[in-house]
**Student:** 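Below are the structure tokens for one structure; questions will follow.
This one's a predicted model, so the numbers in the text were calculated from it and none came from an experiment.
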Amino acid sequence: MSVFVAAAVALLGSVFFALGAALQQFEAVSAPDAGLTRSLVLLLRRPRWLIGGAAIAFGGALHIVALSLGPLTVVQPMGVASMLFALPIATALRGRTIARGELAAALAVSAGLVGLVLLVPEPAGAPAPRLSDAGAAGLLLGAAAVALVCRLASATAAPALRSGLMAAGAGILYGATASLIRVTVAEGFDRPWLLLAVLPPALAALAMLQGAYATGHFPVAYASVQMADPLTAVACGALLLGEPLPRDGAAAVLAVAAAAVAAAGIAVLARSSPLLPNDHPPARRDRRSCPRTCADHPLPSSSQESSWSPPCPAPPTPGPPTARRAGY
């Protein structure tokens, strides 16, 4: 019974994760482009963005409760499945209906992430994770370097790719900080400087994620951070903390296949329409009044002729030709 309760609590946490991310994207995309740091400061003054942050925090608390009630193999898939809730909520906030292709792509991303999570073996019976001071510093510097590369590469990229790169950089920073927090908790907070050390990369990750949301390509950003965060944590656990990876050949092949499915879903989502303010199709204009610029506006009906006026200026009517003087 506790397993079903854990799954339900984890699923509810995913809904709050998705709601918080959608609310923050709604605000981030309408914030002035003042640089990552300045934009984050401006977002901190917006109530809707803060409500989104509170929803994410509450979802995290529910996730912790779920882990105390059931096994990781039940709780983690529910957490990464939040993509299925985030995209419909974000499109509804903009007054749009999610397309079938977008929903199928979101399902592919979620299925790929669930597969990756389930294929990573649990470190049963393993000692508490330990990491030296030099290892912790190297982890933070390495994650910061990769995130910086993502940030620089995004500067000249197309909007969808820029969103994915910045969100991936944020996910890498989040995964590194989560690994250090795990070590700190396992040690009983013997090295409090580690908690202080994770604050700058965590804030940088938050700023990069809001910058990714600001492009309007929320599905790409959300899917990218959802993929980069756990993969970074798994890599840190395997390389630095001695945690196991799938050793069976079949499991490794399935893991690659799951990653490919998730990546394919992200590629499809990159082609979807961005979620921008005042997201509506352009107005259609009249062919008779201004044929060059308003060729597709619908013509008025007979009942509208008296009150109808063209949406753009009609071309000037040429006047009568001026008579030329004799002798000129």
**Student:** A side-chain contact here means heavy atoms from C-beta on lying under 4.5 Å apart; do L269 and L87 qualify?
**Tutor:** yes
**Student:** With the 4.5 Å side-chain cut-off for hydrophobic clustering, are I51 and F26 part of the same group?
**Tutor:** yes
**Student:** If you take all heavy atoms of V109 and A262, which pair is closest and at what distance?
**Tutor:** CG2-O, 3.6 Å
**Student:** Under 3.5 Å, which donor-acceptor pairs do the side chains of residues 167-179 form with other protein atoms, sequence neighbours left out?
**Tutor:**
| unit_1 | atom_1 | unit_2 | atom_2 | d |
| --- | --- | --- | --- | --- |
| T177 | OG1 | L173 | O | 3.1 |
| T177 | OG1 | Y174 | O | 2.8 |
| S179 | OG | G175 | O | 3.0 |

**Student:** On a heavy-atom basis, which atom in I266 and which in A223 lie closest, and how many Å separate them?
**Tutor:** CG1-CB, 3.6 Å
**Student:** Under 4.5 Å between side-chain heavy atoms, hopping through other hydrophobics if needed: is there a path connecting L12 to F58?
**Tutor:** yes
**Student:** Sequence neighbours excluded, which residues qualify as side chain to side chain donor-acceptor pair (under 3.5 Å) partners of R38?
**Tutor:** none
**Student:** Ignoring hydrogens and angles, tell me if any N or O in the side chain of S39 forms a donor-acceptor pair with the backbone of P32 under 3.5 Å.
**Tutor:** yes
**Student:** Between atom OG1 of T215 and atom CD of Q25, what is the distance when rounded to the nearest 0.5 Å?
**Tutor:** 8.0 Å
**Student:** Run the numbers on Q210 and L36 for side-chain contact (heavy atoms from CB on, under 4.5 Å), then give the verdict.
**Tutor:** CA-CA 8 Å; Q210 302 310 308; L36 294 181; over 6 Å; no
**Student:** Write out all pairs satisfying ring pair (Phe, Tyr, Trp, His ring centres under 6.0 Å) with one or both partners inside residues 194-231, taking only residues at least two apart or from two chains.
**Tutor:** Y213-F218, F218-Y222
**Student:** What distance do L19 atom CG and S14 atom OG have between them, rounded to the nearest 0.5 Å?
**Tutor:** 12.5 Å
**Student:** For the residue pair M208 and A147, what are the closest heavy atoms and their distance?
**Tutor:** CE-O, 3.7 Å
**Student:** Considering all heavy atoms of both residues, which atom of S30 and which atom of R46 are nearest to each other, and what is their separation?
**Tutor:** OG-NH1, 3.1 Å
**Student:** Evaluate side chain to side chain donor-acceptor pair (under 3.5 Å) for S273 paired with R94, printing each intermediate quantity in order.
**Tutor:** CA-CA 12 Å; S273 301; R94 290 294 174 194; over 6 Å; no
**Student:** For the residue pair L275 and V29, establish whether any side-chain heavy-atom pair is separated by less than 4.5 Å.
**Tutor:** no
**Student:** Give a yes or no on whether the backbone of A212 and the side-chain of S163 come within a donor-acceptor separation of less than 3.5 Å.
**Tutor:** yes
**Student:** Check A105 against G265 and note the closest heavy-atom contact, atom names and distance.
**Tutor:** CB-O, 3.6 Å
**Student:** So do M227 and L113 actually touch side chain to side chain, heavy atoms under 4.5 Å?
**Tutor:** yes
**Student:** Is there a side-chain contact between I56 and Q24 (heavy atoms, below 4.5 Å)?
**Tutor:** yes
**Student:** Kindly compute the distance separating CZ (R271) from CD (E102), expressed to the nearest 0.5 Å.
**Tutor:** 13.0 Å
**Student:** Could you tell me whether the side chain of L42 reaches within less than 4.5 Å of the side chain of W49, counting heavy atoms only?
**Tutor:** no
**Student:** Look up atom CG in L139 and atom OG in S132, then write down how far apart they are to the nearest 0.5 Å.
**Tutor:** 10.5 Å
**Student:** Treat each ILVMFWY residue as a node, draw an edge where side-chain heavy atoms are under 4.5 Å apart, and state whether L116 and V114 are in one component.
**Tutor:** yes
**Student:** Same cluster or not: L84 versus F16, using hydrophobic residues (I, L, V, M, F, W, Y) connected whenever any side-chain heavy atoms lie under 4.5 Å apart?
**Tutor:** no
**Student:** Any non-hydrogen side-chain atom of L93 less than 4.5 Å from a side-chain atom of R48?
**Tutor:** no
**Student:** Do S272 and P219 have side chains that get closer than 4.5 Å, going by heavy atoms?
**Tutor:** yes
**Student:** Looking at every non-hydrogen atom in both residues, tell me the closest pair between A228 and T232 and how far apart they are.
**Tutor:** O-OG1, 2.7 Å
**Student:** Are L231 and V256 connected, step by step, through hydrophobic side chains (Ile, Leu, Val, Met, Phe, Trp, Tyr) whose heavy atoms are closer than 4.5 Å?
**Tutor:** no
**Student:** Side chains of T97 and T91: does their closest heavy-atom pair fall under 4.5 Å?
**Tutor:** no
